[in-house]
Amino acid sequence: QVQLVESGGGLVQPGGSLRLSCAASGSIFSIPAMGWYRQAAGKQRELVARIFSSDTTISADSVKGRFTISRDNAKNTVYLQMNNLKPDDTGVYYCNARYFDNRADDWGQGTQVTVSS
């Protein structure tokens, strides 16, 4: 399993862009799925996007066409490019590693994204 460290959050105006990074302490090459989740104040944590070892991706309907997840196995890093940000995108964004076996998921500590004018 790996330790995950997110970076790249901040305050941005509506319509702006941010790129989040998730650096892993070890190789992500064999991790079946890496993902980004977010949690807004008073709400449950939700899946934003996931990328599988095959490079197949899935994303929430609310971010389709605006957010793109990618992975760089050589750098052991996963990215979330977020464009055309909206106030509803505000929340703490968490990086996730999922193994689909008896191992628990790995989580980062989260990075705050605030979309406001």
Side-chain angles (χ1 to χ4, degrees):
Q1 293 184 258
V2 294
Q3 292 182 330
L4 304 171
V5 179
E6 302 96 335
S7 61
L11 173 64
V12 63
Q13 291 186 341
S17 298
L18 282 175
R19 188 177 81 154
L20 305 183
S21 298
C22 170
S25 60
S27 174
I28 64 170
F29 178 77
S30 61
I31 297 178
M34 299 292 298
W36 287 95
Y37 285 70
R38 68 185 178 192
Q39 187 166 19
K43 294 187 177 181
Q44 290 190 330
R45 193 174 297 189
E46 63 176 356
L47 175 66
V48 176
R50 179 175 285 152
I51 184 166
F52 297 89
S53 55
S54 61
D55 281 339
T56 300
T57 63
I58 59 173
S59 59
D61 287 343
S62 60
V63 306
K64 277 186 168 66
R66 300 188 298 122
F67 290 11
T68 303
I69 188 171
S70 61
R71 61 195 290 167
D72 185 334
N73 291 333
K75 296 183 178 179
N76 295 321
T77 301
V78 179
Y79 303 98
L80 185 68
Q81 178 65 44
M82 306 187 294
N83 298 328
N84 191 21
L85 282 158
K86 303 177 180 180
D88 283 350
D89 296 318
T90 294
V92 180
Y93 284 68
Y94 296 91
C95 184
N96 168 269
R98 178 154 293 183
Y99 301 93
F100 296 107
D101 57 23
N102 61 334
R103 288 174 287 180
D105 287 8
D106 291 319
W107 292 92
Q109 82 289 350
T111 186
Q112 176 72 44
V113 171
T114 303
V115 185
S116 175
S117 55

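Index from 1, following the sequence. Atom set for the values below is all heavy atoms of this structure, side chains included, hydrogens, waters and symmetry mates excluded.
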Can a donor-acceptor pair be found, under 3.5 Å and without considering hydrogens, that links the side chain of [X] to the backbone of [Y]?
| X | Y | value |
| --- | --- | --- |
| Thr90 | Asp88 | no |
| Glu6 | Gln109 | yes |
| Gln39 | Gly110 | no |

Working to the nearest 0.5 angstrom, can you tell me the gap between [X] [atom1] and [Y] [atom2]?
| X | Y | atom1 | atom2 | value |
| --- | --- | --- | --- | --- |
| Met34 | Ile28 | CE | CD1 | 5.5 Å |
| Glu46 | Trp36 | CD | CH2 | 14.5 Å |
| Asp105 | Asn96 | CG | CG | 4.5 Å |
| Ser53 | Ile31 | OG | CD1 | 10.0 Å |
| Ser25 | Asn76 | OG | CG | 8.5 Å |

For residues [X] and [Y]: do they belong to one hydrophobic cluster (side chain heavy atoms under 4.5 Å, members Ile, Leu, Val, Met, Phe, Trp, Tyr)?
| X | Y | answer |
| --- | --- | --- |
| Val115 | Tyr93 | yes |
| Val48 | Ile69 | yes |
| Leu47 | Met82 | no |
| Phe29 | Tyr99 | no |

Between the side chains of Asp101 and Arg103, is the shortest nitrogen-to-carboxylate-oxygen separation below 4.0 Å, so that they form an ion pair?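 Yes, this pair counts.
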Check this for me, if you would: do Asp89 and Arg66 make a salt bridge, where the nitrogen-to-carboxylate-oxygen distance has to be below 4.0 angstrom?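 Yes, Asp89 and Arg66 are salt-bridged.
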Would you say Lys43 has more than 12 foreign heavy atoms packed within less than 6.0 Å of its NZ?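 Counting neighbours around NZ of Lys43, 12 or fewer heavy atoms of other residues, nucleotides or ligands fall under 6.0 Å, so no.
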Is Arg45 close enough and on-axis enough to Tyr94, meaning under 6.0 Å and within 45°, for cation-pi?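 Yes, a cation-pi geometry.
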Which pair of heavy atoms, one from Gln112 and one from Val92, lies closest together, and at what distance?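 It is OE1-CG2, 3.3 Å.
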Shortest non-hydrogen contact from Ser62 toward Arg38: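 Here Ser62 and Arg38 meet closest at OG-NH2, 3.4 Å.
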Residues 9-21, side-chain donor-acceptor partners within the protein, below 3.5 Å, at least two apart:
| unit_1 | atom_1 | unit_2 | atom_2 | d |
| --- | --- | --- | --- | --- |
| Ser17 | OG | Asn83 | OD1 | 3.0 |

How about Tyr37 and Trp107: are their ring centroids closer than 6.0 Å?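 Yes; Trp107 has its ring centre under 6.0 Å from that of Tyr37.
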Go through the steps for Phe52 and Thr57 under the test side chain to side chain contact (heavy atoms under 4.5 Å, CB included), then give the verdict. CA-CA 6 Å; Phe52 297 89; Thr57 63; over 6 Å; no
Going by side-chain heavy atoms closer than 4.5 Å, which hydrophobic residues are tied to Val5, directly or by a chain of links?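 So far as hydrophobic clustering goes, Val5 is joined with none.
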Residues Ser54 and Thr56: side-chain donor-acceptor under 3.5 angstrom: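 A pair is found: one side chain offers a donor N or O, the other an acceptor, under 3.5 Å apart.
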